[in-house]
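Notes to accompany the following structure.
Below, all heavy atoms of this structure are taken into account, side chains as well, without hydrogens, waters or symmetry copies. Not measured: the values here are computed from a predicted model.
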Amino acid sequence: MVKSSTSTASLHELVRGQLPDGSVIVREVDHPYLILTPDMLVGNSGDLVAIFFIRASEARDKSNLLARLSACRLGLPNHTRCLLLVEDSLENSLHGSEHHFHEVLSEKDHKSIIHFLKDKNARGIIKEIPTGIRRQTHNAYGVSLSYFKIQEKESKIINEEKTNKQDYLETIEKIKTKIETKNIYKKTKKIRQENYRGFPIHLISPNITSNAMLTIYNLCNKYFKHHFTLDTGIPYPSERMQPQFFVVDQFPLTVTDPFKPIRCAAFSNWCTVDANNLAQLDQFVERFSTAFFKRVK
């Protein structure tokens, strides 16, 4: 993150004694299925404010900031207000990004920050996201997560041992012969995409557990960056949603919340595929895509 004159810690100190009784301030946001999170949350009865600081990667490329905003607007309650706090030196580099937040303030403007946090009606021109868009995103999440659970259950019943590294690599090589790699354009940007039976697929090298969250963070950022377009704060899908497959040799679990990586990938429309299922990948893709298009229209 760009080093800020008003860190989350100092902002916490600034606001905690000036908000209504019962207010809750969260400095380290840990959401069950969002990996692209705001930097702080401030909540009170019937009100929730997501606070954003501009991170280093976002200062270099504003589309990273807009991807994080899109994910938060879809993942957090619809009434959430989004506040962007900027350093004076970065105000001229927003290039229109400010129009997608409920408010943009200088980090040094303490009076206005407090006023915004207290005023539940301070929403600017930003509207709530249409129900259909939120339903479509959450239905896709539900299908991806349910199919992970099916795999996990089947894996425990059928496979006494996990696929070993050599078997995994050999299977991956077979899968690669069926993968079509092409350059496509997303929002005028050319990106390289690998497809399996017409659907995006991402193959992970063996034993990714140590960097699972970083890998998934990059996948999620890429998804919200290229598949949604913000219009006055509302993230509209840029194209029809379709299944995406994230192939791993072992499920990328974490210690404190084991299945969070799986949920984060699912919310970004990536269905995690266990290497034990690669031999039946065609059948799995068929089953999953059929269920997906029934729920996501």
Side-chain angles (χ1 to χ4, degrees), residues 1-59 62 64-131 133-134 137 224 228 230-235 267:
M1 182 186 295
V2 174
K3 189 172 182 180
S4 169
S5 59
T6 305
S7 65
T8 55
S10 57
L11 181 61
H12 179 272
E13 290 299 314
L14 169 69
V15 305
R16 67 175 182 172
Q18 303 188 55
L19 296 177
D21 292 341
S23 296
V24 176
I25 304 170
V26 179
R27 281 173 49 190
E28 296 183 7
V29 180
D30 184 10
H31 190 278
Y33 53 78
L34 277 180
I35 198 170
L36 305 175
T37 60
D39 298 294
M40 287 183 69
L41 287 173
V42 178
N44 203 341
S45 178
D47 188 37
L48 181 64
V49 178
I51 300 176
F52 296 76
F53 292 93
I54 297 177
R55 301 175 179 178
S57 64
E58 296 167 347
K62 72 168 187 176
N64 291 321
L65 174 63
L66 299 182
R68 186 158 64 109
L69 176 62
S70 295
C72 291
R73 291 226 64 202
L74 288 165
L76 295 172
N78 213 358
H79 65 270
T80 304
R81 296 183 293 138
C82 296
L83 170 64
L84 176 63
L85 299 181
V86 298
E87 293 183 57
D88 294 342
S89 61
L90 295 176
E91 285 186 357
N92 295 326
S93 64
L94 294 175
H95 305 301
S97 301
E98 65 273 19
H99 301 309
H100 303 300
F101 290 85
H102 292 85
E103 184 62 277
V104 178
L105 297 171
S106 167
E107 295 179 357
K108 298 178 182 178
D109 191 353
H110 297 168
K111 182 178 180 180
S112 295
I113 292 172
I114 296 297
H115 183 269
F116 179 84
L117 293 175
K118 287 183 174 181
D119 186 1
K120 297 180 181 181
N121 296 316
R123 310 193 68 87
I125 61 173
I126 307 299
K127 306 296 183 183
E128 291 191 350
I129 300 173
T131 302
I133 295 176
R134 290 180 65 87
T137 301
F224 284 104
F228 288 88
L230 282 165
D231 183 358
T232 321
I234 296 178
F267 190 70

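Considering only heavy atoms from C-beta on, L83 stays 4.5 Å or farther from F101 through its side chain. Counting heavy atoms from C-beta outward, E87 and I54 have side chains that stay 4.5 Å or more apart. Proximity of F116 to H102: side-chain heavy atoms (C-beta onward) are separated by under 4.5 Å at one or more points. Using a 4.5 Å heavy-atom cutoff, the side chains of C72 and F52 are in contact. The side-chain heavy atoms of D30 and T37, taken from C-beta on, include no pair separated by under 4.5 Å. Residues V15 and I114 have side chains in contact (heavy-atom distance under 4.5 Å, counting atoms from C-beta outward). Side-chain contact check for L74 versus F224: some heavy-atom pair is nearer than 4.5 Å.
For D39 and R27, the salt-bridge test fails: no basic side-chain N is under 4.0 Å from an acidic carboxylate O. One finds no salt bridge joining D119 and R81 here, because no Lys/Arg side-chain nitrogen approaches an Asp/Glu carboxylate oxygen to under 4.0 Å.
Side-chain N or O atoms of K120 include one that pairs as donor or acceptor with a backbone N or O of S45 at under 3.5 Å. Looking only at distances, no side-chain donor or acceptor of E13 sits under 3.5 Å from a matching main-chain atom of L11. Under a 3.5 Å cut-off, the side chain of N64 and the backbone N or O of S57 do form a donor-acceptor pair. Although no hydrogens or angles enter the test, the distance criterion places a donor-acceptor pair under 3.5 Å between the side chain of K118 and the main chain of Q18.
Atom CG in L48 sits 5.5 Å away from atom NE2 in H79 (nearest 0.5 Å). Separating the CG atom in L85 from the CE atom in M40 is a distance of 9.0 Å, to the nearest 0.5 Å. Atom CG of residue L14 and atom NE2 of residue H110 lie 5.0 Å apart, to the nearest 0.5 angstrom. In this structure, CD1 in I133 is found 12.5 Å from CD in E128, a value given to the nearest 0.5 Å. Taken from CZ in R134 to CZ in R73, the straight-line distance is 8.5 Å, to the nearest 0.5 Å. Here CD1 of I35 is found 12.5 Å from CZ of F267. Values are rounded to the nearest 0.5 Å.
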**OP:** With side-chain contact (heavy atoms from CB on, under 4.5 Å) as the test, would you mind laying out the steps for V86 and E107 before giving the verdict?
**Re:** CA-CA 5 Å; V86 298; E107 295 179 357; 5.6 Å; no
Subject >> L76 vs L34, side-chain contact (heavy atoms from CB on, under 4.5 Å): CA-CA, chis, key distance, verdict >> reply: CA-CA 9 Å; L76 295 172; L34 277 180; 4.2 Å; yes
**OP:** Mind running side-chain contact (heavy atoms from CB on, under 4.5 Å) on T80 and D47 for me, showing each step along the way?
**Re:** CA-CA 7 Å; T80 304; D47 188 37; over 6 Å; no
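Nearest heavy-atom pair, L65 versus S97, reported as atom, atom and distance to 0.1 Å: CD2-CB, 4.5 Å. Taking every heavy atom of both residues into account, F228 and S70 meet most closely at CB-OG, 4.4 Å. Counting all heavy atoms, side chain and backbone alike, L117 lies closest to I51 at CD2-CD1, 4.3 Å. Shortest non-hydrogen contact noted between P235 and L230 is N-CD2, 3.7 Å. The two residues N44 and S23 come nearest to each other via the heavy atoms ND2-OG, 3.1 Å. Between L69 and C82, the shortest heavy-atom distance links the atoms CD1-SG, 3.8 Å.
Under the 3.5 Å distance criterion, with hydrogens and angles disregarded, a donor-acceptor pair is assigned to the side chains of S112 and D109.
Crowding of H115 atom NE2: a count of heavy atoms from other residues, nucleotides or ligands under 6.0 Å not exceeding 12.
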